[in-house]
Amino acid sequence: MPIYSAAQQEIAEKISSHNVTLKNWRDWRWQLKHSIQDIDTVETLLGIRFDPKKRKALEMTVKKFPLSITPYYLSLINTDDHENDPVFKQAFPSARELEIEKHDMADPLSEDKDSPVPGVTHRYPDRVLLQVSNVCSMYCRHCTRKRKVGDRDSIPGREDILKGIDYVRQHPEIRDVLLSGGDPLMLSDDYLDWILTEVRRIPHVQVIRIGTRMPVVLPYRITPELVERLKKHQPLWLNTHFNHPREINASAKEALRLLADAGIPLGNQSVLLAGVNDCQRIMKSLVHKLVENRVRPYYLYQCDLAEGLSHFRTPVGKGIEIMESLRGHTSGFAVPTYVIDAPGGGGKIPMNPNYLISLSTNKVVLRNYEGVITTYQEPEKYESIFCNRKCDECHLDLKLEDSTECAAVGIERLLSDWDRTISLTPEDNDRMERRTHD
Ligand SMILES: *Cc1c(COP(=O)(O)O)cnc(C)c1O
């Protein structure tokens, strides 16, 4: 049975003077139409009042970083203690968003720089991010693309999207296409179906991914009709963004069930947020609820250096502490990879506690999650295979037609037998610069 809680009924009645039925409430378009975009309405609906001084600061914040909350997501807020509520903190502005710190950046991940055509970010060798929508049903206060939030002038049209898809078509190395935004599920079923069909028609695209927060902030968007459309474009993976166990209620579970039953693999990308989920017990409860609902915790992001997020940032040590509390203590598939998305566009860098204590030529000293120190004896005879990348002469079985040919890059290249590179040097290295002058 779908829920329609007392809090939800109360909000629905206040939003609309006529009778709001359960059917209205569960209609995603009704929810979008009644999204809350100003402080007054939040006060009315939650029955709270901000003091005048605080209000003024909030008004200024909303001018710079707009506000938008679905009635559904608002209904999850505990009005008895909204100040400490994890949903409130993610959805409602804080005057601290206006504190810009020295190291903050508008585009911390250099997504605009790594963009060969508008709406495409091509950072990694074999996959690209397509921004197919610039709007969301709820504006997360911790959005890394805060610079673009609410910028309705830059909503990509059919032409722009076709240009992005064309880019993918012309780059045979791209085997994985991520639809992102904004939220791709803000698009209509027909439009989304069209994009997916176009991308699917490209022979070298093996998988498509959708990144969406709809199961969290507007689970009613996941309709049986939408799922039927998505199903046609398998293999299709979907990643969502739960940050707190409180967000996983009956409605969210229903959305996840529809998707999982359609055979769509589900992942979750959380952001580590001060005052929301920077706690081992909250994180453990979150990952447990996720796997119970067939969602694999995928990434835990360190909060990045976008402007207006300083009050959400934790030290990296908090993330390591959380990882320490998960690995070994719970199911391996419930443990996400903790990453820092490198400022300047270096991509995601995994962060882990150290498990390797030491090593000699034949022994490795390790520690486990309990603090037990143990050793692993290396093999006495290992016939190392000299790799010259002539795979058709090698006795290991690799079906060349199934594999992609590419040159080793980065650290992989330093480790290879056949490439003579002995070091990687940043382009603007002063020491090297001196050599060329001397
Ligand atoms: C995160 C991201 C990807 C996907 O990375 P995975 O590690 O494969 O999930 C691709 N492109 C960009 C620009 C990204 O930020």
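All ligand and atom numbering here is 1-based and tracks the order in the structure. Residues: numbered from 1 along the sequence shown. Values reported hereafter were calculated over all heavy atoms of this structure, with side chains retained and with hydrogens, waters and symmetry mates removed.
- Here is the list of ligand 1 atoms found below 4.0 Å of a heavy atom in Tyr298: 6 (P), 7 (O), 8 (O), 9 (O).
- Taking the charged nitrogens against the carboxylate oxygens, Arg200 and Asp193 have no contact shorter than 4.0 Å, which rules out a salt bridge.
- The atoms of ligand 1 that sit less than 4.0 Å from any heavy atom of Tyr299 are 6 (P), 7 (O), 9 (O).
- The shortest contact between atom 12 (C) of ligand 1 and any protein heavy atom is with Leu129 CD1, 3.6 Å.
- Which parts of ligand 1 touch Lys348 is read off a 4.0 Å heavy-atom cut-off, strictly below it: atoms 1 (C), 2 (C), 3 (C), 4 (C), 5 (O), 14 (C), 15 (O).
- Interface of Thr121 with ligand 1, defined as ligand atoms under 4.0 Å from a residue heavy atom, comprises 13 (C).
- Taking a cutoff of 4.0 Å between a charged side-chain nitrogen and a carboxylate oxygen, Arg213 and Asp183 do not qualify as a salt bridge.
- At the top of the distance list for atom 11 (N) of ligand 1, counting protein heavy atoms only, stands Tyr124 CD1, 3.7 Å.
- Note on ring orientation: taking the six-membered ring where Trp is involved, the planes of Trp30 and Trp25 are tilted (angle from 30° to 60°).
- Scanning the protein for heavy atoms near atom 8 (O) of ligand 1, the closest one is Arg127 NE, 2.6 Å.
- Using a non-hydrogen distance threshold of 4.0 Å, Arg209 registers as a contact of ligand 1.
- Salt bridge annotation for Glu393-Lys390: absent, with no cationic side-chain nitrogen under 4.0 angstrom from a carboxylate oxygen.
- A salt bridge does not link Asp419 to Arg389: none of the charged nitrogens lies less than 4.0 Å from a carboxylate oxygen.
- The distance between the ring centers of Phe92 and His82 does not fall below 6.0 angstrom.
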